[in-house]
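Written below as structure tokens is the structure these notes are about.
The residues of the chain are indexed from 1 along the displayed sequence. Treat the numbers as computed from the prediction; the structure is a model and nothing was measured. Atoms considered below: every heavy atom in the structure, side chains included; atoms not considered: hydrogens, waters and symmetry mates.
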Amino acid sequence: MQKIAMTTPLVEMDGDEMTRVIWKMIKDELILPFVDLKTEYYDLGLKNRDATDDGVTHQAALATKRLGVAVKCATITPNLQRVEEYGLKRMWKSPNGTIRAELDGTVFRAPITVPCIKPAVNGWTSPITIARHAYGDVYRATEIPVKKAGRAELTFTDADGNVTRETVYDFDGEGVLQGQHNKLSSISSFARSCFNYALTTKQDLWFSTKDTISKIYDQTFKLTFESIYEKEFKSAFEKAGISYFYTLIDDAVARVIRSNGGFIWALKNYDGDVMSDMVSTAFGSLAMMTSVLVSPDGKYEYEAAHGTVTRHYYRYMKGERTSTNPVATIFAWSGALRKRGELDGIAQLSAFADALEKATLDTVNDGVVTKDLLPLTSIPATAVYTDEFISAIKKRLSV
């Protein structure tokens with residue numbers, strides 16, 4: 001069989017632990033036999049990030065801006081335990097946070113639904129898409145351990161030398177201090193990305209923060225969304241028959257649970273991180289969710305929304321076989337290949353991406369699943385190891 005040709009490479013970002021193992025399986029079994037794959041490869045594994053002083057992460061982000069489409073494996077964001085385990089130079093920041101800051105985009109995450117897996121929330125009849133701001137907040141925070149009593153102050157010196165100073169807290173002993181920031185330009189890009197995505201998909205858009213408590217930080221998000229909607233998108237929304245809705249995040253959570261789904265829920269960076277896990281788990285599994293970072297100028301980075309599956313990796317390193325769900329990683333590859341095909345005018349490549357996703361979902365619907373999905377299926381099913389699951393997909397893809 002003649003392989004599908006590519007013209008422009010994908011930016012390929014390899015990752016860590018079990019997802020790195022699965023990454024190679026997917027390439028070898030589901031992509032390379034069918035596609036003459038062209039990628040610009042960057043090893044974002046933790047050891048290589050440490051060896052390059054995280055320079056490889058910045059290089060991968062710049063390559064994504066240059067080539068337009070990237071696919072990323074799950075990576076470790078190290079804590080103190082990981083620093084000791086891997087013998088790292090320092091506690092490197094989240095590679096996802098670095099890439100998102102460079103691209104200044106919005107992460108859109110939606111559950112991958114199959115008829116044989118019913119949502120835990122009975123009323124959810126349509127997928128809920130999480131639109132997550134991809135810059136700032138805790139992911140770009142500066143932190144200080146407080147060792148003794150003293151005054152913590154928030155200070156800003158503008159370009160003219162004018163100083164604004166506010167007392168954060170008068171510590172009477174040890175504690176911890178964190179400073180967060182965001183940019184109006186990034187918040188505005190986030191808002192426009194969400195409104196445009198809602199118009200493209202013809203879905204209602206919800207947005208929620210906690211502006212009653214965070215009367216400047218969160219309120220800036222709220223007011224920016226309101227202003228951009230009123231000036232730039234209101235008439236288009238009304239013409240499309242869709243709506244924009246703002247509410248406090250605690251009220252939004254209650255409304256989401258009572259809803260039928262089928263809308264976009266826009267959230268700040270950390271809120272979106274947490275709620276995307278909640279939505280994906282309620283729809284089935286963390287490994288059953290698409291995730292794509294979209295920049296304001298139309299650059300795309302596709303990734304798996306879950307972690308590196310450390311527990312399975314430790315078992316794998318002992319020589320044990322695992323039943324790790326590769327669906328989200330497969331859909332990261334299919335999403336990137338489809339977008340590359342669309343941008344380069346290669347219909348065969350986009351069609352292959354569609355076929356790969358169909359073969360994956362057909363496998364699940366035929367009752368061949370990984371262990372995490374077995375308790376969730378409404379049909380008789382058999383749990384298989386990861387390599388067996390990928391082989392079952394390949395069989396259906398080859399037919």
Heavy-atom pair with the smallest gap, counting every atom of Gly307 and Thr19: O-CG2, 3.5 Å
Answer whether the closest heavy-atom distance between the side chains of Val327 and Ile112 falls below 4.5 Å. yes
Please report the closest heavy-atom contact between Gly262 and Ile128, naming both atoms and the distance. N-CG1, 4.3 Å
Cut-off 3.5 Å, side chains only: do Gln203 and Thr201 have a donor facing an acceptor? yes
Within 45 degrees of the axis of the six-membered ring of Phe34 and under 6.0 Å from its centre: does Lys3 put its NZ or CZ there? no
Leu343 meets the side-chain contact (heavy atoms from CB on, under 4.5 Å) criterion, sequence neighbours left out, with Val69, Lys339, Arg340
Gln81 CD: over 12 foreign heavy atoms closer than 6.0 Å: yes
Hey, mind stepping through Val176 and Val146 against side-chain contact (heavy atoms from CB on, under 4.5 Å) and telling me if it holds? CA-CA 5 Å; Val176 65; Val146 176; 5.7 Å; no
Not counting sequence neighbours, list each pair that qualifies as a salt bridge (charged side-chain N to carboxylate O under 4.0 Å, His left out) and has a residue in residues 272-301. Arg132-Asp273
Would you check if the side chain of Glu230 reaches a backbone N or O of Ser227 as a donor-acceptor pair within less than 3.5 Å? no
Can Trp265 and Ser208 be counted as having a side-chain donor-acceptor contact under 3.5 angstrom? yes
To the nearest 0.5 Å, what is the distance between CG on Leu337 and CD1 on Ile31? 5.5 Å
Check: Arg140 and His181 side chains under 4.5 Å, non-hydrogen atoms: yes
side-chain contact (heavy atoms from CB on, under 4.5 Å) between Thr155 and Thr164: does it pass, once the steps are laid out? CA-CA 6 Å; Thr155 304; Thr164 303; over 6 Å; no
Might you confirm whether atom NZ of Lys89 has over 12 heavy atoms from other residues, nucleotides or ligands at distances under 6.0 Å? yes
So, Arg255 and Asp251, do they make that salt bridge, N to O below 4.0 Å? yes
Does a side chain donor of either Tyr42 or Asp14 reach within less than 3.5 Å of an acceptor in the other side chain? no
Salt bridge Arg82-Glu17, side-chain N to carboxylate O under 4.0 Å: yes
Asp211 side, atom CG; Gln219 side, atom CD - distance, nearest 0.5 Å: 5.5 Å
Counting heavy atoms not belonging to Lys210, are there more than 12 under 6.0 Å from its NZ? yes
Report whether Leu361 and Phe352 are members of the same hydrophobic cluster (ILVMFWY, side-chain heavy atoms less than 4.5 Å apart, transitive linking). yes
Per ring pair (Phe, Tyr, Trp, His ring centres under 6.0 Å), Phe225 is matched among Phe190, Tyr246, Phe233 by Phe190
Evaluate side-chain contact (heavy atoms from CB on, under 4.5 Å) for Phe221 paired with His133, printing each intermediate quantity in order. CA-CA 10 Å; Phe221 278 81; His133 188 211; 3.6 Å; yes
Output yes when Glu174 and Lys148 qualify as a salt bridge under the 4.0 Å nitrogen-oxygen rule, no when they do not. no
Can the ring centroids of Phe283 and Trp124 be said to lie less than 6.0 angstrom from one another? yes
Looking at Phe245 versus Phe263, is the centre-to-centre ring distance below 6.0 Å? no
Are any of the side-chain nitrogens in Asp387 or Arg321 under 4.0 Å away from the carboxylate oxygens of its partner? yes
Between Lys65 and Ser295, is a side-chain contact (heavy atoms from CB on, under 4.5 Å) present by the stated rule, with each step listed? CA-CA 9 Å; Lys65 294 175 74 173; Ser295 73; over 6 Å; no
Indicate whether the side chain of Asp104 and that of Ser186 have a donor and an acceptor atom separated by less than 3.5 Å. yes
Any carboxylate oxygen within less than 4.0 angstrom of a Lys/Arg side-chain nitrogen, looking at Asp16 and Arg49? yes
Taking atom CZ as the centre, does Arg66 end up with more than 12 heavy-atom neighbours from other residues, nucleotides or ligands that are less than 6.0 angstrom away? yes
Do Arg192 and Ser188 touch side chain to side chain, with heavy atoms closer than 4.5 Å? yes
Any idea which heavy atoms bring Gly15 and Cys73 closest together, and the distance? N-CB, 3.4 Å
Hey, does the side chain of Thr322 reach the backbone of Tyr316 with a donor-acceptor pair shorter than 3.5 angstrom? no
Do Val294 and Tyr197 have side chains that approach each other closer than 4.5 Å (heavy atoms only, starting at C-beta)? no
Between Arg100 and Glu303, is there a side-chain N and carboxylate O pair less than 4.0 Å apart? yes
Could you tell me whether the side chains of Asp372 and Thr370 share a donor-acceptor contact shorter than 3.5 Å? yes
Would you say the side-chain atoms of Arg109 and Ser291 include a donor-acceptor pair closer than 3.5 Å? yes
Compare every heavy atom of Pro111 with every heavy atom of Pro127, then report the nearest pair and how far apart it is. CB-CG, 3.9 Å
Can you name the nearest heavy-atom pair linking Ala359 to Leu397, along with the distance? CB-N, 3.9 Å
Cut-off 3.5 Å, side chains only: do His312 and Thr386 have a donor facing an acceptor? no
Please determine whether the number of non-hydrogen atoms from other residues, nucleotides or ligands lying under 6.0 Å from atom CE of Met317 exceeds 12. no
Going by the side-chain hydrogen bond (donor to acceptor under 3.5 Å, both in side chains) test, which pairs reach into residues 346-355, not counting sequence neighbours? Arg338-Asp354
Evaluate the ring planes of Phe171 and Tyr169, with Trp represented by its six-membered ring, and classify them as parallel (under 30°), tilted (30 to 60°) or perpendicular (over 60°). perpendicular
Check whether more than 12 heavy atoms from other residues, nucleotides or ligands sit under 6.0 Å from atom CD of Glu320, and answer yes or no. yes
So, applying side chain to side chain contact (heavy atoms under 4.5 Å, CB included) with Met13, which one of Asp43, Ile99, Thr75 is it? Ile99
I'd like to know if Asp362 pairs up with Lys358 as an ion pair, taking the criterion as any Lys NZ or Arg NE/NH1/NH2 lying under 4.0 Å from an Asp or Glu carboxylate oxygen. yes
Should we say atom OH of Tyr217 is surrounded by more than 12 heavy atoms from elsewhere, each under 6.0 Å from it? yes
Please give me the minimum heavy-atom distance between Asp36 and Ala5, naming the atom from each residue. CB-CA, 4.3 Å
Would you find a donor on one side and an acceptor on the other, under 3.5 Å apart, between the side chain of Asp50 and the backbone of Leu88? no
Answer with yes or no whether the hydrophobic clustering places Phe389 together with Leu30; edges join I, L, V, M, F, W, Y residues whose side-chain heavy atoms lie under 4.5 Å apart. yes
May I ask you to test the Leu267-Ile249 pair for a side-chain heavy-atom distance under 4.5 Å? yes
Does Tyr244 have its ring centroid less than 6.0 Å away from the ring centroid of Phe195? yes
Please assess Thr125 against Asn260 for the test side chain to side chain donor-acceptor pair (under 3.5 Å), listing each intermediate value before the final yes or no. CA-CA 5 Å; Thr125 57; Asn260 295 322; 4.9 Å; no
Check Lys27, Lys24, Lys72 against Glu12 for a salt bridge (charged side-chain N to carboxylate O under 4.0 Å, His left out) and give me the one that passes. Lys27
Hey, does the side chain of Ser126 reach the backbone of Gly261 with a donor-acceptor pair shorter than 3.5 angstrom? no
